[in-house]
**Q** 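Sharing a structure here in structure tokens format.
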There are 2 protein chains.
Amino acid sequence: MAVTISDVAHAAGVSKGAVSYALNGQPGVSAGTRERILQAAKELGWKPSLRAKGLSSAKAYALGLVVARDPSLLGTDPFFPAFIAGIETALAEHDYTLVLSVATGAGAEERCYRKLAENGRVDGFLLTDVRHDDSRIPLLQELKLPAVTLNRPDADSPFPAVSMDDCAGITAAVEHLVALGHTRIAHVGGGQEYIHGRSRRQAWESALAAAGLRADLFAAADFTAAGGMAATAELLRRADRPTAIVYANDLMATAGQSYAQTQGITVPGDLSVTGYDNADFTQYLNPPLTTVSTDPMLWGRVAAQVLLNQLSNAHDGEDTVLQAPTLLVRASTGPAPAG
Amino acid sequence: MAVTISDVAHAAGVSKGAVSYALNGQPGVSAGTRERILQAAKELGWKPSLRAKGLSSAKAYALGLVVARDPSLLGTDPFFPAFIAGIETALAEHDYTLVLSVATGAGAEERCYRKLAENGRVDGFLLTDVRHDDSRIPLLQELKLPAVTLNRPDADSPFPAVSMDDCAGITAAVEHLVALGHTRIAHVGGGQEYIHGRSRRQAWESALAAAGLRADLFAAADFTAAGGMAATAELLRRADRPTAIVYANDLMATAGQSYAQTQGITVPGDLSVTGYDNADFTQYLNPPLTTVSTDPMLWGRVAAQVLLNQLSNAHDGEDTVLQAPTLLVRASTGPAPAG
DNA sequence: GATAACCACTAAACCGGTTCAGTTGAGAGT
DNA sequence: ACTCTCAACTGAACCGGTTTAGTGGTTATC
């Protein structure tokens, strides 16, 4: 079979313990012996078994990510793949691995976390899509596993957060529209149970207030294309129809823009539209979508790094705030229609 | 700490071995004793440690999925999330877990497979995006791990395949266009290094031949929106400009449709367009995209199931062929323009 | 010159399961 | 009454690492 620590110990003429010390850079072996052991290990091509390591150190050397979105929504969200790619870049350097679970249906999410924890599959979790009063925070405290949250939860959380400010992007979008002369600027919100759904709405409200405008054109949706379309339809039926809509994500913006066009409303002539996320396909829409360009890959890398630091007790407990995303002006926004 | 097999053995008044036999349904314990042991285990809430199990049985109880796509392309592909969700449904029943790696950059893919294999992280791999003469097949034979391929590779492969016929969907799209009177039906192909890129192109060629039409309007692309747009531009510059384009996926079709519109070409008035995958957003495009609706969730579930069966030696070695996807006719296709 | 302190290292226990080689007792066969 | 067999179970080895307790020899301390 594969070469074990005993083989290396035998080859170097020392005990298993000495090999372990040498490998892990612990005291207890002289420099010369250490060199001899490492040399033998290299010659034999020894790879310490993670399974054995895991058993004696009670670690999994893996991080968990539980995704509780509906697969059809997940499908077109550019966030996760890039986020995961970012996680990988951090994990790869530390021989850690990502265990991914997709939980669909009520209760599945909690079961997922419990199972991964109880089976000792992971040493910690990355929490995305943090919700208002998120039940996962007490759950993970109960399971006694560390975690990192994306954005700071609104409930008390003992876990460090890695945040990417939503506010700046939405504010920039609103300011951009105000500068173009719009006064009736609506917002199609994402699920308000999510804190990023809420914060984007609040950012829209604040930005309007700062411009001296009323924030009365809000339509609730759920980050899905279908929801975005319905919310758009509702807004466009109003007597005080908006001349611009700020969407909480690209998928809703796409659906909304498309819906408006089918109603004979031109974009950006009659209606300006902004999205959020900068999904790849948005630059190929007709017109290309003005949107907020986030960096989920960086987010993933930093979040994983913070969690790894926590596991090695190297984390200071402080939240990390990433650079705010920037507005990408494309052709879906234009001057407010006259009148 | 947690309750171990020894605790259970002690509680039931038997040896560790007996508990192991009882739990795994092996002979060596009488029905009465077995009952008593299971009872004790339940009362103590014993969960056998996967780590310990893994060490003695040399198994990881996990399956690996290495995704080698560019994250930006991945982002808008609805395939993976649904595929992964399908995998989960199969794994959840067997206490198996999914280890996901995203490999970016040349050489990263092979390194990923090697690392997961050498670290004993997984018991087998799911191979997606199978390529022409795919180097991963000899690689996995070298690594001595079982696998399942999505679609049968064109090179010799010892691994069972789970296939979803590409041909039928493309054929249906072409037949649909022919029935609408189109004679110049182009194809914007996906990367031809992928067997699904090739097979979709071949299906397009065969369907045209069956209709007595020449398959001379092919433009190579790479499944990305940018590539789809460039290929579309190329086709529309031709003197014998097509009246319909069959795209190898939705992302390219979206970009192509949008590009045509910016050039003053109406869809479907001047140009009919079909996609492939039925991404969520396609039904909210303007016009909604005629596309081929696949079932990646089912695919994932079956593929994982086949791999699990292989691991328990319960697989017959036969390939599995899933039901062919169907054409979803929406408003991006219409009668061929007169003349 | 006795004692303490320290270094480099080994042997063995340990993590929590699986599995192999025996041991025991009961029942069958002759 | 004697072996023979088999089921039921135990004890120990084993998987491949980490870690603790202990050993022998050298050097510092008073």
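Reminder, nothing fancy here: chain letters follow the sequence lines and each chain counts from 1.
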**Q** Given C:dA8, D:dG16, C:dT18, which nucleotide is nearest the side-chain atoms of A:T33?
**A** C:dA8
**Q** Return the nearest nucleotide to the side chain of B:L55; candidates are D:dG16, C:dG17, D:dT10.
**A** D:dG16
**Q** Using a heavy-atom cut-off of 4.0 Å across all strands, would you classify B:S20 as base, sugar-phosphate, or nothing?
**A** base
**Q** Which class fits the ring pair B:F83 and B:F79: parallel under 30°, tilted 30 to 60°, perpendicular over 60°?
**A** parallel
**Q** Taking only side-chain nitrogens and oxygens of A:S15, does any of them come within less than 4.0 Å of OP1 or OP2 of C:dT10?
**A** yes
**Q** Identify which nucleotide among C:dG16, C:dC15, C:dT10 has an atom closest to any side-chain atom of A:S56, counting heavy atoms from C-beta outward.
**A** C:dC15
**Q** Quick one: is C:dT19 close enough that its OP1 or OP2 comes under 4.0 Å of any side-chain N or O from B:Q26?
**A** yes
**Q** Using whole Å, report how far OH of A:Y61 lies from P of D:dG17.
**A** 12 Å
**Q** Given D:dA8, C:dC9, C:dG17, identify the nucleotide with an atom nearest to the side chain of A:S30.
**A** C:dC9
**Q** To the nearest Å, how far apart are A:K47 NZ and D:dG17 C1'?
**A** 16 Å
**Q** Please identify each residue that fulfils side chain to side chain contact (heavy atoms under 4.5 Å, CB included) with B:S6, with sequence neighbours left out.
**A** B:T4, B:K16
**Q** Roughly how many Å is it from CD1 in A:I37 to C1' in C:dT10, rounded to a whole number?
**A** 12 Å
**Q** Can you tell me how far the CG atom of B:L140 sits from the CG atom of B:L127, to the nearest 0.5 Å?
**A** 5.5 Å
**Q** Looking at A:Y21 and C:dC7, is any side-chain donor or acceptor paired with a base atom of the opposite kind under 3.5 Å?
**A** no
**Q** The side chain of A:I5 lies closest to which of these nucleotides: C:dC15, D:dC9, D:dG17?
**A** D:dG17
**Q** What I want to check is whether the side chains of A:Q39 and A:E43 have a donor and an acceptor closer together than 3.5 Å.
**A** yes
**Q** Identify whether any heavy atom of A:G120 sits under 4.0 Å from a base atom; if not, whether one sits that close to sugar-phosphate; answer base, sugar-phosphate or nothing.
**A** nothing
**Q** Under 4.0 Å from OP1 or OP2 of C:dG16: is there any side-chain N or O of B:W46 that close?
**A** no
**Q** Please find out if less than 6.0 Å separates the ring center of A:Y96 from that of A:H94.
**A** no
**Q** Donor-acceptor pair under 3.5 Å: do we get one between B:K16's side chain and the base of C:dG17?
**A** yes
